[in-house]
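The block underneath contains the structure these notes are about, expressed in structure tokens.
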Amino acid sequence: MNIVETIQEVRQIVGEWKKKGLTVGLVPTMGYLHEGHASLIEQAAKQNDKVIVSVFVNPTQFGVNEDLDSYPRDLQHDVKICEQAGGDCIFHPEPEEMYPQGFCSFVDMDVLTKELCGITRPTHFRGVCTVVNKLFNIVMPDRAYFGEKDAQQLAVIRRMVKDLNIPIEIIGCPIIREPDGLAKSSRNTYLSPEERKAALVLYKSISAGKQLVSSGEKRAEIIIQKMTEILTAEPLARIDYVKIVDAETMQPISEIDRPYLAAIAVYIGKTRLIDNFS
Ligand code: PAF
């Protein structure tokens, strides 16, 4: 397993692979890898000759009062997960490597980023689009892999690739859950034992919403109401949003008459967790 910290090194490695005609998959991550990330790496290893995993806690996607400093980091653990899942190289740059002195160019997006997480985190997607673009330009992979847990992020990246004519195939991979249903997230480590129990309410709410849709309910208002009711019954939970939106544009819809995304963001104590179904 190659672990490199500079743009020059990663470009050289990819350049050698490309000279041999090998295909390259990129799995962008912020590290503290779990089974969700492993599933992305495994998928990338199936579809490409070589896999690069970037491990970079990207400062530009965190708001001022968010968890940039406390975000969990453990490179040794990440190396193990990456190796087991079939990764070939970890790109682990320092913030100064990605954002050197004088950096002032950003990639921004309208419409899709103004809904859902974009309301509470108004600068988040600008940071995500910027770093993902940089990673695309540095690695120039054939395919890039993102989890469906961050469904809005996936929709934003698909839109960015389309709008900016980026010749990379974007692959979305299914949500991986704990045995009791909680979606895997590096932020789950913030939860106290009591909060961890309470966090299950997200899955309960998602399951109830899904059930209603399967039984034929099409009215977004009714589905949202049921999902909200379940979340509200948990004293440790504070709702950020419960919404049903068009799967491509992220704009709210009143009826399920097209591909949709039902998404929730909920604070359990101080930890903000997200989940969805579509
Ligand atoms: O999903 C994440 O972990 C991050 O938003 C990403 C895509 C690695 C960009 O920093």
Side-chain angles (χ1 to χ4, degrees), residues 1-7 9-18 20-58 61 71-94 97-98 128 131-151 153-154 157-158 161 168-191 196 203 273-276:
M1 165 77 53
N2 258 314
I3 303 164
V4 296
E5 294 194 349
T6 67
I7 293 167
E9 285 169 299
V10 79
R11 279 202 164 136
Q12 194 182 333
I13 288 173
V14 177
E16 277 158 24
W17 291 341
K18 295 242 158 160
K20 293 183 191 155
L22 302 176
T23 55
V24 179
L26 169 68
V27 182
T29 81
M30 296 208 299
Y32 215 70
L33 304 183
H34 50 66
E35 287 91 332
H37 299 109
S39 77
L40 302 181
I41 301 169
E42 282 162 11
Q43 184 64 21
K46 271 190 209 144
Q47 296 183 322
N48 303 275
D49 299 313
K50 296 287 181 186
V51 178
I52 299 236
V53 178
S54 61
V55 172
F56 179 60
V57 182
N58 173 38
Q61 70 188 74
Y71 198 85
R73 292 156 167 93
D74 185 348
L75 187 63
Q76 285 324 305
H77 164 83
D78 292 345
V79 172
K80 238 189 252 163
I81 302 260
C82 184
E83 247 164 10
Q84 282 164 2
D88 297 286
C89 174
I90 290 186
F91 176 45
H92 177 56
E94 288 295 325
E97 179 73 2
M98 293 296 273
V128 169
V131 81
V132 168
N133 236 283
K134 283 176 67 71
L135 291 167
F136 285 176
N137 287 331
I138 292 164
V139 176
M140 294 202 279
D142 297 280
R143 300 179 187 86
Y145 295 78
F146 298 89
E148 287 172 358
K149 186 178 80 76
D150 297 305
Q153 169 172 280
L154 179 57
I157 290 165
R158 285 193 195 286
V161 160
I168 294 171
E169 189 184 349
I170 303 302
I171 314 276
C173 299
I175 299 177
I176 304 293
R177 297 183 179 278
E178 299 286 355
D180 65 2
L182 179 67
K184 296 255 182 197
S185 164
S186 306
R187 288 189 169 100
N188 290 349
T189 53
Y190 295 151
L191 301 168
R196 172 63 185 79
Y203 183 58
L273 300 175
I274 57 173
D275 205 341
N276 69 77

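- To the nearest 0.5 Å, atoms CE (M140) and NZ (K18) are separated by 6.5 Å.
- Within the model, atoms CG of D150 and CD of Q153 stand 5.0 Å from one another, a figure rounded to the nearest 0.5 Å.
- No donor-acceptor pair under 3.5 Å is formed between the side chain of D78 and the backbone N or O of R73.
- In this structure, the side chain of K50 does not engage the main chain of L22 through any donor-acceptor pair within 3.5 Å.
- Contact detail for A44 and V27: the closest heavy-atom pair is CB-CG2, 3.9 Å.
- Between the CD atom of E42 and the CD atom of E35 there is a distance of 9.5 Å, given to the nearest 0.5 Å.
- Here CD1 of I7 is found 10.5 Å from CD of E9. Values are rounded to the nearest 0.5 Å.
- No side-chain donor-acceptor contact under 3.5 Å links N2 to the backbone of V4.
- Between D275 and R177 there is a salt bridge, since a side-chain N of the basic residue sits under 4.0 Å from a carboxylate O of the acidic one.
- Between Y32 and H77, the angle of the ring planes lies from 30° to 60°, which puts this pair in the tilted group.
- Within the 4.5 Å cutoff, the side chain of V55 has no heavy atoms near those of the H37 side chain.
- Judged purely by atom type and a 3.5 angstrom limit, R143 uses its side chain to pair as donor or acceptor with the backbone of Q47.
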From CA spacing to verdict: side chain to side chain contact (heavy atoms under 4.5 Å, CB included), M98, N58: CA-CA 9 Å; M98 293 296 273; N58 173 38; over 6 Å; no
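- Nearest approach of K149 to A183, heavy atoms of both residues: CD-CB, 3.6 Å.
- The shortest non-hydrogen separation linking F136 to P141 is O-CD, 3.8 Å.
- Considering only heavy atoms from C-beta on, Y203 stays 4.5 Å or farther from D180 through its side chain.
- Inter-residue side-chain proximity for I171 and Y145 is flagged as met; some heavy-atom pair is nearer than 4.5 Å.
- Using a 4.5 Å heavy-atom threshold, the side chains of I176 and H34 count as separate.
- At least one side-chain heavy atom of V51 sits under 4.5 Å from a side-chain heavy atom of D88.
- Looking only at side-chain heavy atoms (C-beta outward), I52 and W17 come within less than 4.5 Å of each other.
- Closest approach of F56 and P93 over heavy atoms only: CD1-O, 3.4 Å.
- Residues N188 and L191 are in side-chain contact: their nearest non-hydrogen atoms beyond the backbone lie under 4.5 Å apart.
- In this structure a side-chain-to-backbone donor-acceptor pair under 3.5 Å is missing from N48 to T23.
- In this structure, the separation between OG on S186 and OH on Y71 is 3.5 Å, given to the nearest 0.5 Å.
- Heavy atoms of other residues, nucleotides or ligands lying less than 6.0 angstrom from CD of Q12 number 12 at most.
- Here the shortest heavy-atom pairing between G21 and D49 reads O-OD2, 4.3 Å.
- The CG atom of D74 lies 9.5 Å from the CD1 atom of I81; values are rounded to the nearest 0.5 Å.
- Nearest approach of C173 to Q43, heavy atoms of both residues: SG-CG, 3.9 Å.
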